[in-house]
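A short write-up of the structure that comes next.
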There are 2 protein chains.
Amino acid sequence: MYMDKTANEAFDPLSLDNQLCFALYACSHEVMRRYAPLLAELDLTYTQYIAMMALWESEPLSVKELGERLKLDSGTLTPMLKKMEAKGLVSRCRDAKDERRLVVSLTDEGRGLRESALRVPLEMSKCVDLEPYEAQELHRLLHKVLSSFGDA
Amino acid sequence: MYMDKTANEAFDPLSLDNQLCFALYACSHEVMRRYAPLLAELDLTYTQYIAMMALWESEPLSVKELGERLKLDSGTLTPMLKKMEAKGLVSRCRDAKDERRLVVSLTDEGRGLRESALRVPLEMSKCVDLEPYEAQELHRLLHKVLSSFGDA
DNA sequence: TCACATTTAATTGTATACAATTTAATTGTT
DNA sequence: AACAATTAAATTGTATACAATTAAATGTGA
């Protein structure tokens with residue numbers, strides 16, 4: 001997974017700057033770093049933020065469903081959801097119909113946080129210097145890469 | 001930082017699917033997961049792999065220089081470099097001219113690993129379903145986002 | 001030159017990530 | 001019903017990430 005800009009002259013497949021994967025990695029972390037101060041005002045980490053977005057959209061969700069949505073497993077989610085429960089954002093209850101499932105619901109406080117969170121994506125848009133069509137194209141290409149992995 | 005595909009009808013700024021940042025986050029992690037089995041054959045993690053790429057290109061590098069290249073800090077690099085030293089891939093020495101600097105160099109084994117690593121980007125290219133121009137455009141857009149953060 | 005600011009790594013503490021394993025609950029089959 | 005197979009979370013162990021602090025070395029100005 002690398003960029004062959006020349007397709008002609010000598011090309012180094014192991015050059016860091018030619019790696020699409022490194023651009024992806026670095027960009028993802030830089031973006032998360034920019035979110036951190038905004039999210040800190042809401043006492044959320046980035047991963048907690050995307051979990052809240054999933055729940056604001058559809059609730060309740062089992063750990064498995066949330067994991068499929070966020071592409072994270074129980075090893076990541078279980079400790080995080082316990083912290084979110086301790087903060088009063090969500091409640092965690094076993095499903096009475098199927099005790100294997102643990103169902104995550106929003107508390108009133110968790111639901112209420114949505115209002116304050118609205119400003120986060122707005123603020124972030126400001127500091128990303130992409131034309132609207134570029135943002136759309138980037139989004140499309142990222143999803144194309146994701147779906148080439150068998151989607152989800 | 002979100003995708004407004006419609007720019008017209010009711011649009012939810014907190015919808016997970018509209019988040020460019022989530023596409024970035026999920027894509028980055030999925031790609032890293034695909035690298036893992038290939039890199040495991042070289043006994044490398046993904047972060048160790050990009051550190052090796054930086055060193056294969058330019059060596060030696062101080063921890064600070066490596067951190068600037070990879071956009072990682074000493075809190076991440078110090079423990080990782082110690083593991084890489086323990087595996088015999090790199091050596092870590094204080095700079096005699098400036099004892100504050102810790103200089104990372106490749107061992108012969110570390111240099112030799114480059115040959116086996118050549119197949120990694122080749123293999124990865126195969127499983128990412130992007131046209132060459134799409135890969136270039138994705139690369140360009142990721143760098144544009146990165147540079148809108150004051151570059152590096 | 002000598003107090004003081006700056007620079008560079010290392011350390012500390014918190015929070016993911018994820019493979020592999022374990023435990024408990026449910027399902028499918030006989 | 002009995003029991004093997006499957007499923008869902010939790011747990012374990014390893015490896016990042018990063019903010020904040022610390023410690024040591026170097027640079028700097030009065």
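Just so we're on the same page: letters track the sequence lines, and every chain starts at 1.
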Requested in this report: Hey, which sits more toward the 5' end of DNA chain D by its nearest nucleotide, Arg94(A) or Met32(B)?
Outcome: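 Result of the comparison: Arg94(A).
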Query raised in the report: DNA chain D: Pro79(A) or Ala36(A), which has the more 5' nearest nucleotide?
Result: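 The 5'-side residue here is Pro79(A).
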Query raised in the report: Tell me: CE of Met80(B) to P of dA10(C), nearest whole Å?
Result: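 Roughly 12 Å, once rounded to whole Å.
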Requested in this report: Whole angstrom is fine here: how far is it from CG in Asp98(A) over to P in dT27(C)?
Outcome: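 In whole Å, dT27(C) P lies 6 Å from Asp98(A) CG.
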Report task. Report the residue (Arg100(B) or Arg100(A)) whose heavy-atom-nearest nucleotide on DNA chain C is the more 5′ of the two. Result ->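 Its nearest nucleotide being more 5', the pick is Arg100(B).
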Report task. For Glu99(A) and for Thr76(B), locate the closest nucleotide of DNA chain C by heavy-atom distance; then report the residue assigned to the nucleotide nearer the 5' terminus. Result ->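 Its nearest nucleotide being more 5', the pick is Thr76(B).
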**Report entry** Segment of DNA chain D, first to last nucleotide, that comes within the 4.0 Å heavy-atom reach of chain B
**Finding:**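 Reading along DNA chain D, I get dA15(D) to dT26(D).
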Requested in this report: Check whether any side-chain nitrogen or oxygen of Lys82(B) sits under 4.0 Å from OP1 or OP2 of dA9(C), and answer yes or no.
Outcome: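 Answer is no, no contact under 4.0 Å.
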Requested in this report: Look at Arg92(B) and dT8(C) and indicate whether a side-chain polar atom (N or O) is within less than 4.0 Å of OP1 or OP2.
Outcome: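 Looking at the OP1 and OP2 atoms of dT8(C), neither is under 4.0 Å from any side-chain N or O of Arg92(B).
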Query - Sugar-phosphate, base or nothing in reach of Leu72(B), heavy atoms under 4.0 Å - result: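 Touches sugar-phosphate only.
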Report task. Taking only Lys NZ, Arg NE, NH1 and NH2, and the carboxylate oxygens of Asp or Glu, determine whether Arg69(B) and Glu65(B) approach each other closer than 4.0 Å. Result ->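 Salt bridge: no.
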Query - Qualifying residue for side-chain contact (heavy atoms from CB on, under 4.5 Å) with Cys21(A), from Val120(B), Val128(B), Val31(B) - result: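 Only match with Cys21(A) under side-chain contact (heavy atoms from CB on, under 4.5 Å): Val31(B).
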Query raised in the report: Only one of Thr107(B), Leu113(B), Asp43(B) forms a side-chain contact (heavy atoms from CB on, under 4.5 Å) with Lys87(B), so which one is it?
Result: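 Looking at Thr107(B), Leu113(B), Asp43(B), the match for Lys87(B) under the side-chain contact (heavy atoms from CB on, under 4.5 Å) is Asp43(B).
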**Report entry** Pairs meeting criterion ring pair (Phe, Tyr, Trp, His ring centres under 6.0 Å) with involvement of residues 54-90 of chain B, two or more places apart
**Finding:**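 Passing the test, one end in residues 54-90 of chain B: no pairs.
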Those residues that, when tested against [X], pass salt bridge (Lys or Arg N to Asp or Glu O under 4.0 Å) (two or more places apart):
| X | result |
| --- | --- |
| Glu85(B) | Arg92(B) |
| Asp95(B) | Arg101(B) |
| Arg140(B) | Glu134(A), Glu137(B) |

Report task. Assign the ring pair Tyr49(B) / Tyr35(B) to parallel, tilted or perpendicular, where the plane angle (0 to 90°) is split at 30° and 60°. Result ->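 Ring orientation of Tyr49(B) relative to Tyr35(B): tilted.
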Report task. Could you tell me the separation between the CG atom of Leu70(B) and the CE atom of Met53(B), rounded to the nearest 0.5 Å? Result ->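 Here the rounded value is 9.0 Å.
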**Report entry** Residues in contact with DNA chain C, drawn from residues 37-47 of chain B - heavy-atom cutoff 4.0 Å
**Finding:**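 Nothing qualifies; none.
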